[in-house]
Asker: 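Let me give you the structure first, and then I'll get to my questions.
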Amino acid sequence: MKTANWERNLLDLIRRTSTDLPSDIEAGLRKALRSEKKNSHGYWVIRTALDNAARARGEDLPICQDTGTPIFHFRVPVGFDTNALVAVTRGAVSRATRRGYLRENVFDAVSGKPFYTNVAPGSPVIRIEQGARKTVDARLILKGGGSENVGTQYSLPDERIGAGRDLEGVRRCALDAVWKAQGAGCAPGVLGICIGGDRATGYECSKEQFLRKLSDVASDRELARLESRIVRDSCQLGIGPMGLGGRTALLGAKIAAMSRAPASFFVTVSYLCWAFRRRGMVLGPEGGLTRWLY
Amino acid sequence: MKTLDAPFTEAKVRQLVVGDLVSLSGTIYTARDRVHRHLNDGGILPVDLKDGAIYHCGPLVIRRDQSWAVRAAGPTTSMRAEPYMAGIIRKHGVRVVIGKGGMGESTRKACQEAGCVYLDAVGGAGCVAAACVESVGAVHFMEEFGAAEAMWELSVRGLVCVVGIDSAGHSLHADVLASSAARLQDLFCLA
Ligand code: SF4
């Protein structure tokens with residue numbers, strides 16, 4: 001493996017993810033700006049978010065100081081050296097931290113001592129799967145802490161919100177999660193929802209939904225309808241941008257379904273803030289950049 | 001838009017009303033999870049917060065030559081400081097708390113009784129906030145807590161916020177929470 005090539009391009013993936021808000025999210029914010037009342041708090045928040053995106057891109061600065069947990073998703077060819085890939089990914093994370101694209105964001109969970117490079121047990125998160133092609137897909141999400149904290153998992157039936165084991169129950173879980181989050185996840189964000197799975201795979205699958213573009217709709221017709229219903233309903237809560245009141249509480253909702261055991265019906269809701277940092281690239285076998293995925 | 005310049009006296013702070021847009025200038029001190037816990041446990045406060053401002057923020061900072069460059073410095077979620085905030089406001093005479101997401105009942109009461117105000121900055125707008133930082137003064141607790149949890153002395157100009165809790169006992173967040181709770185029940189009925 002040509003280590004230098006890989007490290008350079010993965011560093012660029014991190015840099016761009018941290019500084020350059022994806023165009024689908026920016027378009028979503030523009031749409032939100034049109035729906036907020038002029039001179040309202042919501043309008044001011046969204047306008048500031050758009051200014052911030054332009055400044056970050058123009059001046060090569062991190063969009064948000066909380067660069068969160070870096071979550072890498074790789075799809076690699078059969079027989080690819082994944083140990084080497086993990087090593088270059090860690091190297092790139094450490095370099096991106098030194099250059100100020102990532103905050104020193106990892107601490108020992110017991111002693112509280114900082115790790116200065118963001119390379120530590122459990123960080124960065126790296127998921128690798130095998131694909132049929134000869135190239136490598138590298139996708140990255142920077143998942144901020146505030147939005148991570150408002151993620152939640154429901155075990156249905158849930159009497160408190162009157163949610164049974166059906167899609168109406170899922171809708172209630174999603175709206176309850178948005179209500180509980182108020183402004184704390186930096187609304188307007190995007191929901192990733194997983195129906196089914198176990199406690200661990202439910203969260204994993206719900207976060208994978210953030211790899212989908214805002215324009216992407218679930219292939220299942222009923223789930224697609226529920227996605228848009230949740231966004232519509234959430235915007236009637238009056239929570240608005242940053243929970244300061246207003247019209248836009250969500251930019252999108254992405255739902256996926258898995259299988260489940262008879263005893264369990266989990267609905268897992270993950271939240272990603274408007275500072276939705278997600279980028280991806282296709283790399284050749286030697287680590288050269290082929291194209292950007294987003 | 002109203003302006004709020006240091007020193008942040010009780011008289012100035014008491015004039016602010018929930019919902020006001022405020023442009024703030026002066027020295028503010030970052031403090032987040034660890035610093036709040038430290039102060040709550042009776043730890044030493046290395047600065048004077050009388051008529052001062054606390055900013056719930058863990059900035060992204062890098063060393064440049066002999067000084068610090070603040071690359072992003074937006075607010076962090078304030079609610080995590082709720083168990084400690086009221087005590088700190090009362091004990092140290094803090095007049096301004098800046099953060100995001102709002103705070104709870106005990107902070108609202110402390111703001112009313114002690115004469116303090118809570119301001120919402122725009123969460124996520126890290127480099128817009130960093131552009132308001134004119135200079136970086138001393139940094140405290142760097143060794144123990146790390147850069148993101150340290151207490152940074154930031155001199156800011158024109159940091160725009162909205163008043164989330166005023167000193168007359170009003171809370172924008174409590175209002176939104178209550179009205180959205182009612183709407184949530186309505187939406188549940190529209191199955
Ligand atoms: S929730 Fe997102 S936008 Fe808000 S502070 Fe955290 S990372 Fe930044």
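Naming convention: chains lettered A, B, ... in sequence-line order (proteins, then strands); numbering from 1 in each chain. Any value given below was found using the heavy atoms of this structure, including those in side chains, with hydrogens, waters and symmetry copies removed.
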Asker: Given that the side chain runs from C-beta out, which part of A:R98 has a heavy atom under 4.5 Å from chain B: side chain, backbone, both or neither?
Answerer: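 When you check distances to chain B, only backbone atoms of A:R98 fall under 4.5 Å.
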Asker: Can you tell which of A:R99, A:R171, A:M242 has the highest number of heavy-atom pairs within less than 4.5 Å of chain B?
Answerer: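 Most heavy-atom pairs within the cutoff with chain B belong to A:R171.
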Asker: Of all heavy-atom pairs between A:V150 and A:A184, which one has the smallest distance, and what is that distance?
Answerer: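 That closest heavy-atom pairing would be CG1-CB, 4.0 Å.
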Asker: Residues in ring-ring contact (aromatic ring centres under 6.0 Å, His included) with B:H56, at least two apart?
Answerer: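 Partners of B:H56 by the ring-ring contact (aromatic ring centres under 6.0 Å, His included) criterion, ordered by chain and then number, come out as B:H36.
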Asker: For atom CD1 of B:I44, is the number of surrounding heavy atoms from other residues, nucleotides or ligands below 6.0 Å larger than 12?
Answerer: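 Count not over threshold, so no.
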Asker: Chain A heavy atoms under 4.5 Å from B:V160: which part of the residue, side chain, backbone, both or neither?
Answerer: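 Looking at B:V160, backbone and side chain both touch chain A.
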Asker: Report which part of B:L172 has an atom under 4.5 Å of a heavy atom belonging to chain A: side chain, backbone, both, or neither.
Answerer: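 B:L172 touches chain A through side-chain heavy atoms alone.
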Asker: May I ask you to name which of B:G126, B:A147, B:A129, B:A182 has the most heavy-atom pairs under 4.5 Å with chain A?
Answerer: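 Answer, by heavy-atom pair count under 4.5 Å with chain A: B:G126.
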Asker: Just checking, is any N or O donor in the side chain of A:S147 or A:K143 under 3.5 Å from an acceptor N or O on the other one?
Answerer: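 Short answer, yes.
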Asker: Above 12 or not: heavy atoms from other molecules or residues under 6.0 Å from CZ of B:R64?
Answerer: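 Atom CZ in B:R64 is not packed in, count stays at 12 or less.
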Asker: Distance only, no hydrogens: is a donor on one side chain within 3.5 Å (strictly under) of an acceptor on the other, for B:S78 and B:Y118?
Answerer: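 Present: a donor and an acceptor within the cut-off.
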Asker: If you tally heavy-atom pairs under 4.5 Å against chain A, which of B:V70, B:D186, B:T77, B:V162 wins?
Answerer: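 Winner by heavy-atom pair count: B:V162.
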Asker: Flag the one option from B:P59, B:G101, B:A130, B:S179 with the top tally of heavy-atom pairs under 4.5 Å to chain A.
Answerer: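 Of B:P59, B:G101, B:A130, B:S179, B:P59 has the most heavy-atom pairs under 4.5 Å with chain A.
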Asker: Is B:L21 close to chain A through its backbone or its side chain, or both, or neither, when contacts mean heavy atoms under 4.5 Å?
Answerer: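 Just its side chain gets close to chain A.
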Asker: Taking side chain as everything from C-beta outward and backbone as N, CA, C, O, which of these in B:I62 sits under 4.5 Å from a heavy atom of chain A? Side chain, backbone, both or neither.
Answerer: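 Side chain of B:I62 only, per the 4.5 Å heavy-atom cut-off to chain A.
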Asker: If you look at every heavy atom in A:A187 and A:W274, which pair is closest and at what distance?
Answerer: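 Heavy atoms of A:A187 and A:W274 come nearest at O-CD1, 3.9 Å.
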Asker: Do B:S67 and B:R63 meet the criterion of a side-chain donor-acceptor pair at a distance under 3.5 Å?
Answerer: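 Result is no, nothing qualifies.
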Asker: Out of B:E144, B:R34, B:R71, B:R183, which one racks up the most heavy-atom pairs below 4.5 Å with chain A?
Answerer: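 The option with the most such pairs is B:R71.
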Asker: Heavy-atom distance under 4.5 Å to chain A: side chain of B:A125, backbone, both or neither?
Answerer: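 Both the backbone and the side chain of B:A125 come within 4.5 Å of chain A.
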